[in-house]
2 protein chains.
Amino acid sequence: MLNYQAATPAPLDLAFQALADPTRRVMVERLSQGPASVSELARPLDMTLSAVVQHLAVLEASGLVRSQKVGRVRTCRIEPQMFTAAERWLGERRASWERRFDRLGAFLAETASEEIATEPATSPAAPGARRQRKKT
Amino acid sequence: MLNYQAATPAPLDLAFQALADPTRRVMVERLSQGPASVSELARPLDMTLSAVVQHLAVLEASGLVRSQKVGRVRTCRIEPQMFTAAERWLGERRASWERRFDRLGAFLAETASEEIATEPATSPAAPGARRQRKKT
DNA sequence: CTGATACTTAAGTTAATGCTTAACTATCAG
DNA sequence: CTGATAGTTAAGCATTAACTTAAGTATCAG
């Protein structure tokens with residue numbers, strides 16, 4: 001996974017990556033109903049405790065989940081902030097194309113009785129010679 | 001990546017996985033402002049066209065993006081439905097813990113002058129002997 | 001002290017990812 | 001027809017991810 005962009009993965013990288021796994025989503029679903037211990041999280045899952053601990057590590061690294069150990073049991077809980085961040089990113093994209101649709105609608109309504117030439121807004125795309133390897 | 005749960009990955013797996021990559025998010029950000037050709041998507045990205053095409057394939061497989069080819073240019077655009085699905089999943093989790101917070105608040109307000117014993121709701125956790133390998 | 005519980009940590013294995021080259025296939029302009 | 005555009009496809013390679021075993025380390029109950 002050579003991602004030549006940032007040395008440190010962005011928070012959203014980690015969040016979406018964490019949510020991409022069905023096992024981890026099950027864990028998150030459980031936790032969104034209230035705190036739970038590691039074994040409680042593991043119970044419905046068909047894998048070793050060890051694997052669950054590793055999934056938990058991914059969730060914690062992503063900032064979606066937090067946990068603390070009291071005695072010998074580690075209690076895990078949801079960390080709402082990162083969820084909000086992910087939700088916000090999605091919402092912003094949606095807002096973007098919805099705004100565009102609104103403009104398009106307004107434009108169509110406005111020019112309904114004027115002209116008819118309305119290309120689907122494909123920009124000219126300058127030539128821009130580019131060799132195959134373009135490593136900065 | 002041995003994911004012993006489903007032979008077919010769930011839609012949300014693909015969607016979140018697709019969004020987990022910063023390059024693909026840049027592509028999505030571009031597309032949420034309007035349709036674009038493959039080369040247009042590639043222009044700001046520091047990688048070969050080939051790599052961009054592969055990222056696009058991931059986005060299409062996830063259902064977040066759709067594309068069609070006219071002549072020699074492929075025009076890509078956002079597919080809103082899958083975004084909504086992802087946003088909804090996040091929203092439902094949030095609703096879950098917010099509901100819980102409300103109940104907790106109500107409970108605290110109600111018993112404010114009665115008793116004081118209020119454990120953080122850690123369930124009893126039955127013994128349930130389990131060997132290390134528990135492959136169904 | 002002893003044994004169960006509840007994790008932890010470290011390897012090791014396998015498959016999936018994110019790239020790169022390189023070679024090809026259609027358009028479209030002139 | 002020719003050359004440039006725009007994309008496609010197939011290998012190949014290094015890294016990461018998702019597990020497994022196996023062998024710990026702290027609690028806590030009795």
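Order of the sequence lines fixes the chain letters, A, B, ..., with proteins taken first and strands second; residue numbering starts at 1 for each chain. Remember, it's a predicted structure, so these values are computed and weren't measured experimentally.
The side chain of Thr48(A) lies closest to dT21(D), out of dT21(D), dT8(D), dA6(C). Relative to the side chain of Arg74(B), the nucleotides dT8(C), dT8(D), dT20(C) differ in distance, and dT8(D) lies closest. Listed nucleotides dC7(C), dC19(C), dC19(D) differ in distance to Asp21(A); the shortest reach to its side chain belongs to dC19(D).
Between the axis at the start and the axis at the end of the helix from dC1(C)-dG30(D) to dG30(C)-dC1(D) there is an angle of 30°, using five pairs per end and rounding to 10 degrees.
Annotation: cation-pi pair Arg93(A)/Trp89(A) present, NZ/CZ under 6.0 Å from the ring centroid and within 45° of its normal.
A donor-acceptor contact under 3.5 Å links the side chain of Ser50(B) to the base of dT9(D). Taking 3.5 Å as the limit, the base of dT8(D) and the side chain of Gln54(B) contain no donor-acceptor pair of atoms between them.
One finds the CG atom of Leu19(A) at 11.0 Å from the CD atom of Gln17(B) (value rounded to the nearest 0.5 Å).
Contacts classified as salt bridge (charged side-chain N to carboxylate O under 4.0 Å, His left out) and involving residues 55-65 of chain A (residues at least two apart or in different chains) are not found.
Ring geometry for Trp97(A) versus Phe83(B): interplanar angle over 60°, hence perpendicular rather than tilted (30 to 60°).
Atoms CG (Leu49(A)) and P (dG24(D)) sit 18 Å apart, rounded to a whole Å.
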Are there any protein N/O atoms within less than 3.5 Å of an N/O atom in nucleotides 26-30 of chain D, and if so, which ones and at what distance?
residue : atom : partner  : partner atom : Å
dT27(D) : O2   : Arg72(A) : NH1          : 3.0

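For Ala51(A) and Lys69(B), each mapped to the nucleotide of DNA chain D holding its nearest heavy atom, the one lying further toward the 5' end belongs to Lys69(B).
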